[in-house]
Enquirer: 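Sharing a structure with you now.
Chain letters run A, B, ... following the sequence lines, proteins first, then strands; residues in each count from 1.
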Amino acid sequence: MKNCVLQRRNKRLRTKNSPERRDWKRMKLEDDDGIQEEDDTKGGEFSHPIPWQKIEAEGLDCDYALIFSKKEADELFQHLEEEVVYSTGEEAKVQVYGKVYNIPRKQATYGDTDLTYKYSGVTRSACPWTPTLENIRDAVTKATGHTFNFVLINRYKDGLDHMGEHRDDEKELDPACPIASISLGAERDFIFRHRDARGRNGSRQIEPLKLELAHGSLLLMNPPTNTFWYHSLPVRRKILQPRINLTFRRILNCKKLK
DNA sequence: GGACCACCACCGAC
DNA sequence: CGTCGGTGGTGGTC
């Protein structure tokens, strides 16, 4: 599974006037002690067992696998490029600390009829599923045994498009259902940081985790990961190709649009 | 190898 | 969950 690499940060010696900084240490995913191969126990119906890799840390529980071949993933990417309609104008802006910004990526929301989803202070309604999105959704269900009624799509046109650190802790997310994240296109780094290891007073020293999310991969973020760990997709200037990410979710308390 | 420099990643502040 | 700035690492070149 050489196209998924986990990196951990090592503590670096404290210098006399600087806060502690840490360096990344790169290692193969399957060699890490927090990561292990596991059997295909997720009720998948693929003809071959899916080689899941477990990613675990304190309060973090993820599963990672390549579920699409390169050819399949290439086709899905192309179809999404043709089908998905991304938000523009006001819907492509966000307000943070009192200032309005254009989000540094493109976003779209699809799902069951009349579903709405609130995140980052804005309420979005779901567009009806497209054929390609239904195909991917059904493949994710077969691979995981979970059903989903909503997908948030983020398109990063190159390594300058990114997403800041956050948790998916929205109230209307089913707390028992994992979030399933499909990656298509350029491989990007994906960083997890424990909430108690952030900031100056975050005196707990829990190492961040770094994943490389490959073309055609599925990352399952199981509870309680989103309670304890922030995640982000940082800028990577060397990446020149686009990446499309689909996060499938289950939303409760579906509010009907009036 | 060392000095220099441009670039880039990290992370706290807001 | 946005940008900005401080800071220090990285890597190319002479």
Side-chain angles (χ1 to χ4, degrees), chain A residues 5-27 57 60 86-109 116-124 150-173 179 181 183 186-213 219 221 224-241 243-247 249 251:
Chain A
V5 175
L6 176 101
Q7 295 180 332
R8 289 207 162 169
R9 298 167 120 187
N10 281 345
K11 290 171 193 148
R12 199 173 66 81
L13 290 178
R14 219 180 276 264
T15 54
K16 62 173 179 180
N17 270 339
S18 69
E20 174 178 298
R21 291 192 168 253
R22 309 177 195 111
D23 297 321
W24 292 109
K25 179 180 168 190
R26 177 179 295 240
M27 62 185 76
L60 181 144
Y86 292 94
S87 300
T88 57
E90 290 310 303
E91 288 216 323
K93 296 183 189 302
V94 68
Q95 184 167 347
V96 183
Y97 288 100
K99 293 172 76 174
V100 176
Y101 302 96
N102 294 316
I103 58 172
R105 61 189 171 276
K106 285 185 176 177
Q107 243 173 21
T109 50
T116 66
Y117 181 50
K118 262 186 286 198
Y119 63 96
S120 313
V122 292
T123 303
R124 307 285 289 274
F150 185 86
V151 62
L152 173 64
I153 306 176
N154 281 289
R155 184 184 188 277
Y156 305 87
K157 67 178 184 303
D158 57 31
L160 292 178
D161 273 1
H162 62 280
M163 182 161 50
E165 198 171 70
H166 69 286
R167 294 179 292 166
D168 292 315
D169 55 354
E170 320 300 338
K171 294 273 192 303
E172 61 260 65
L173 284 178
I179 293 175
S181 171
S183 295
E187 238 178 83
R188 290 288 293 266
D189 289 340
F190 188 77
I191 313 292
F192 280 111
R193 270 171 91 199
H194 195 285
R195 66 177 190 189
D196 295 339
R198 304 166 75 243
R200 183 156 303 199
N201 344 326
S203 49
R204 294 201 59 196
Q205 306 207 348
I206 303 172
E207 299 169 349
L209 295 178
K210 175 158 145 182
L211 310 180
E212 289 177 6
L213 300 181
L219 177 69
M221 289 177 273
T225 303
N226 262 124
T227 303
F228 297 107
W229 292 76
Y230 286 71
H231 56 267
S232 64
L233 195 89
V235 167
R236 289 291 180 263
R237 279 160 216 276
K238 288 172 184 149
I239 303 288
L240 305 176
Q241 301 303 316
R243 167 178 184 260
I244 297 175
N245 179 63
L246 304 93
T247 49
R249 299 140 190 271
I251 296 179

Enquirer: Taking distance alone, no hydrogens or angles, what donor-acceptor pairs closer than 3.5 Å link side-chain atoms of residues 153-165 of chain A to residues at least two apart or in another chain?
Expert:
| from | atom 1 | to | atom 2 | distance (Å) |
| --- | --- | --- | --- | --- |
| A:Asn154 | OD1 | A:Arg105 | NE | 3.0 |
| A:Asn154 | OD1 | A:Gln107 | NE2 | 3.0 |
| A:Arg155 | NE | A:Glu81 | OE1 | 3.0 |
| A:Arg155 | NE | A:Glu81 | OE2 | 3.4 |
| A:Arg155 | NH2 | A:Glu81 | OE2 | 2.9 |
| A:Lys157 | NZ | A:Asp161 | OD1 | 3.0 |
| A:Asp158 | OD1 | A:Leu160 | N | 2.9 |
| A:Asp158 | OD1 | A:Asp161 | N | 3.4 |
| A:Asp161 | OD2 | A:Lys157 | N | 2.9 |
| A:His162 | ND1 | A:Leu160 | O | 2.9 |
| A:Glu165 | OE1 | A:Arg193 | NH1 | 3.1 |
| A:Glu165 | OE1 | A:Arg198 | NE | 2.7 |
| A:Glu165 | OE1 | A:Arg198 | NH2 | 2.9 |
| A:Glu165 | OE2 | A:Arg193 | NH1 | 3.0 |

Enquirer: If we ignore angles and hydrogens, is there a donor and acceptor under 3.5 Å between the side chains of A:Arg124 and A:Ser87?
Expert: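 Result is yes, a qualifying pair exists.
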
Enquirer: Rounded to whole Å, how long is the line connecting atom CZ of A:Arg167 with atom P of C:dG2?
Expert: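 Taking CZ of A:Arg167 and P of C:dG2, I get 16 Å after rounding.
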
Enquirer: Could you tell me which residues satisfy salt bridge (charged side-chain N to carboxylate O under 4.0 Å, His left out) with A:Glu170, sequence neighbours excluded, listed by chain and number?
Expert: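 With neighbours one apart ignored, the set is empty.
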
Enquirer: Just to be sure I understand the geometry, which residues of residues 86-98 of chain A put a non-hydrogen atom under 4.0 Å away from DNA chain C?
Expert: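 Hits under 4.0 Å, by residue number: A:Val94, A:Val96, A:Tyr97.
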
Enquirer: Are the side chains of A:Phe150 and A:Leu152 in touch, meaning some heavy atoms are under 4.5 Å apart?
Expert: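 The answer is yes, as the side chains (C-beta and beyond) meet within the 4.5 Å cut-off.
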
Enquirer: So does A:Arg237 get a side-chain nitrogen or oxygen closer than 4.0 Å to the phosphate oxygens (OP1/OP2) of B:dA6?
Expert: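 Result: no.
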
Enquirer: Rounded to whole angstroms, how far apart are CZ on A:Arg193 and P on B:dA9?
Expert: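 After rounding, the reported distance stands at 16 Å.
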
Enquirer: Expressed in angstrom and rounded to an integer, what is the separation of A:His231 atom NE2 from C:dC1 atom P?
Expert: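 These atoms are roughly 8 Å apart.
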
Enquirer: What I'd like to find out is whether the side chain of A:Ile179 reaches to under 4.5 Å of the side chain of A:Thr225, using heavy atoms alone.
Expert: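 Side chain of A:Ile179 against side chain of A:Thr225, heavy atoms only: no contact under 4.5 Å found.
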
Enquirer: Identify each atom pair where a protein N or O and an N or O of nucleotides 3-5 of chain C are less than 3.5 Å apart, giving names and distance.
Expert:
| from | atom 1 | to | atom 2 | distance (Å) |
| --- | --- | --- | --- | --- |
| C:dT3 | OP2 | A:His162 | NE2 | 3.1 |

Enquirer: Measure CG/A:Leu160 against P/B:dC8 and give the value in whole Å, please.
Expert: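 One finds 9 Å between P of B:dC8 and CG of A:Leu160, rounded.
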
Enquirer: Output the rounded distance in Å from CD (A:Glu207) to P (B:dC11).
Expert: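 Value for this atom pair: 12 Å.
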
Enquirer: Rounded to the nearest Å, what distance is computed from the OH atom of residue A:Tyr156 to the P atom of nucleotide C:dC1?
Expert: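 Value for this atom pair: 10 Å.
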
Enquirer: Just so I know, are the side chains of A:Lys210 and A:Phe192 near enough to count as touching, which here means a heavy-atom distance under 4.5 Å?
Expert: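 Heavy-atom side-chain distance check fails, nothing below 4.5 Å.
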
Enquirer: Between the axis at one end of the helix from B:dG2-C:dC14 to B:dC14-C:dG2 and the axis at the other (five pairs apiece), what's the angle to 10 degrees?
Expert: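 That helix gives 10° between its end axes.
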
Enquirer: Taking only side-chain N and O atoms of A:Arg105, does any of them lie within less than 4.0 angstrom of OP1 or OP2 on C:dG2?
Expert: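 Yes, A:Arg105 has a side-chain N/O under 4.0 Å of OP1/OP2 on C:dG2.
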
Enquirer: Sequence neighbours excluded, which residues qualify as side-chain contact (heavy atoms from CB on, under 4.5 Å) partners of A:Gln95?
Expert: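 side-chain contact (heavy atoms from CB on, under 4.5 Å) check on A:Gln95 returns A:Val100.
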
Enquirer: Checking A:Arg167 now: which residues fulfil salt bridge (charged side-chain N to carboxylate O under 4.0 Å, His left out) with it, not counting sequence neighbours?
Expert: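 Testing A:Arg167 for salt bridge (charged side-chain N to carboxylate O under 4.0 Å, His left out), a comparison that skips the adjacent residues, returns A:Asp169.
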
Enquirer: Give the intermediate values and the outcome of side-chain hydrogen bond (donor to acceptor under 3.5 Å, both in side chains) for residues A:Arg243 and A:Ser183.
Expert: CA-CA 7 Å; A:Arg243 167 178 184 260; A:Ser183 295; 2.8 Å; yes

Enquirer: Find the distance A:Arg236:CZ to B:dA9:C1' and express it as a whole number of Å.
Expert: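 In whole Å, B:dA9 C1' and A:Arg236 CZ are 7 Å from each other.
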
Enquirer: For A:Asp161 and C:dC1, give me the distance from atom CG to atom C1', rounded to whole Å.
Expert: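 Going from CG in A:Asp161 over to C1' in C:dC1 covers 15 Å.
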
Enquirer: Got a list of side-chain donor-acceptor pairs under 3.5 Å for residues 228-235 of chain A, not counting sequence neighbours?
Expert:
| from | atom 1 | to | atom 2 | distance (Å) |
| --- | --- | --- | --- | --- |
| A:Trp229 | NE1 | A:Glu58 | O | 2.8 |
| A:His231 | NE2 | A:His166 | NE2 | 3.2 |
| A:His231 | NE2 | A:Asp168 | OD2 | 3.4 |

Enquirer: With sequence neighbours excluded, what pairs up with A:Arg188 under the side-chain hydrogen bond (donor to acceptor under 3.5 Å, both in side chains) test?
Expert: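 For A:Arg188, no residue satisfies side-chain hydrogen bond (donor to acceptor under 3.5 Å, both in side chains) once neighbours in sequence are set aside.
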
